[in-house]
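Here's the structure, in structure tokens; my notes come after.
First the proteins, then the strands, lettered A, B, ... as listed; each starts at 1.
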2 protein chains.
Amino acid sequence: MTIADPQLTQLNSPPAQAGEDRAMTIRDHLRDAIVDRRLAPGTKLSEAEVGTLFDVSRTVVRAALQALAFEGLVKSERNRGAFVANPSPEEARQVFDSRRLIEPGIARAAAGRLSPSDIATFRTQLIEESRLLAERGALARRAEIRASGDFHLLLASIAGNVILHRFMEELVARSSLVIALYGNSGASSCGHNEHADILAALEAGDGERAAQLLVTHINHIEADLDLRQNTGLPLREALSR
Amino acid sequence: MTIADPQLTQLNSPPAQAGEDRAMTIRDHLRDAIVDRRLAPGTKLSEAEVGTLFDVSRTVVRAALQALAFEGLVKSERNRGAFVANPSPEEARQVFDSRRLIEPGIARAAAGRLSPSDIATFRTQLIEESRLLAERGALARRAEIRASGDFHLLLASIAGNVILHRFMEELVARSSLVIALYGNSGASSCGHNEHADILAALEAGDGERAAQLLVTHINHIEADLDLRQNTGLPLREALSR
DNA sequence: GGTCGCAATATTGCATACAATCTGGGCGAG
DNA sequence: CTCGCCCAGATTGTATGCAATATTGCGACC
């Protein structure tokens, strides 16, 4: 699989980026592509190729890839290169275990800090989710997964702890990857909108209830996955791509 | 402050490191130096200087510094360089808030997975802590802070979730930095050994009690800090170094 | 015919060179 | 004497070149 994806080159085209950090820009574009599954797990991210696509040297690409490796979205092997992460079922479970541990606390913190403007932002977010839910097509599914993640990130940003927010960024990104990998296309993203219920609890100032709804929500997301043990012998993973 | 610390150059001397990753080696040495407060917060980490000390090019130094920036131990400013992090009281609070959220869950998970060999490792760890606690001198204090952190990391590794373990590595490292910055030399590191109590609860299989003791323990650590608001106007931080 | 070994190729690891940007001091005008 | 501008030095950002390592295809030997 080549990564000569028109969407990538297109996003690259605005070279008028100010003196900003180009490595971080490339990191963001690659992350979007990974989370959207435009880049399949296991895909090799050649430094030279990525550099050509974004019209930068390998130096900058390496910085971007290192950043993604820290987030767990890319696996870097010495003298072999960087590959889009291919999380095992075990890793997937750990992602959701981590979220079940962290997100309730975030919900409780957010409940006590919710401002009217936050609520407005949430409402806009929920409308966007509904719109995407109704839409058909793989492209809408991608956007839906992403929007669903944004809800959780919004919650984390309201909680006001930048460390936890960053942890959640990583967990949400990895969740998207896992969902894309193991999600049953079937009952994807729960019939009735659990996000709305969570927001309702937050508005009522009931952080405890919001926390509980959040755990249930995470359970539903994980339950929709097919994490049966293809108890991957390491060589199997090679066959998978 | 220059970083020409003999302990750094000494650690550098074994250049016989196999084909391993030199950037990660440098990162580890720098992290140790930061956590031990051999490198004071705000100290500039010049790429050229670090490179000279470790006898590598700026390329690998940059990789190491980027890694530390991800962990929050180093703050990197574009076109200005990298500096040892100087966490504000607010950041310090967030570190401990995060620990209060995450560590109880880790304790519960660890309680159900504790093996006899784990217990033995814990005992060795506690003995080492006691030894350092009795010892005098700044050097012992450093080692004690570090050993105290190792206890928590050991707990996290037993919990068996590598993602949470990595989060804890970051939180413990930042905690050490915060303690070094804001710790009252006075009642430092609690009179009676709370770690031992936590271990006892774990051995008894009482994860809930271990979790509660852990929260109390974290509260004690934070209570020993002096986080009074020098409500840092950003310009103040410049004055501090 | 199959397997092992070796060489050619490609890719990463690292160092260095050059360009861009920031910092600090000196000089001149007000 | 003070304020502001400008230039020189220093430091980071980026590109490129070379060395080291892994991969792949071919050929020889069993």
Taken to the nearest whole Å, CD/B:E49 to P/D:dA10 is 14 Å

Mapping A:T59 and B:G81 to their closest nucleotides on DNA chain D, which lands nearer the 5' end? B:G81

Side-chain N or O of B:K44 closer than 4.0 Å to phosphate OP1/OP2 of D:dT12: yes

Within this structure, what is the CZ-to-P distance between B:F83 and C:dC22, rounded to whole angstrom? 13 Å

Given atom CD of A:E47 and atom C1' of D:dG17, what is their separation to the nearest angstrom? 15 Å

The nucleotide from D:dT12, D:dA22, C:dC14 with an atom nearest the side chain of A:N79 is D:dA22

Between B:A82 and B:L65 the two heavy atoms that sit nearest each other are CB-CD1, 3.9 Å

Locate the shortest heavy-atom distance separating A:A85 from A:G72; write the atom from each residue and the value. CB-O, 3.4 Å

Mind calculating the distance between CZ (A:R78) and P (C:dT11) to the nearest angstrom? 18 Å

Between D:dG13 (P) and A:I26 (CD1): distance, integer Å: 15 Å

Going by atom types only, do B:S115 and B:D118 share a side-chain donor-acceptor pair under 3.5 Å? yes

Closest to the B:R80 side chain, choosing from D:dT14, C:dC22, D:dA22: C:dC22

Output, in order, the C-alpha distance, side-chain angles, deciding distance and verdict of side chain to side chain contact (heavy atoms under 4.5 Å, CB included) for B:S148 and B:H195. CA-CA 8 Å; B:S148 171; B:H195 287 178; 3.5 Å; yes

Rounded interatomic separation in angstrom, taking CZ from B:R22 and C1' from C:dG13: 8 Å

Gap between atoms CZ and P, on B:R58 and C:dC18 respectively (whole Å): 14 Å

Within this structure, what is the CZ-to-P distance between B:F54 and C:dG13, rounded to whole angstrom? 20 Å

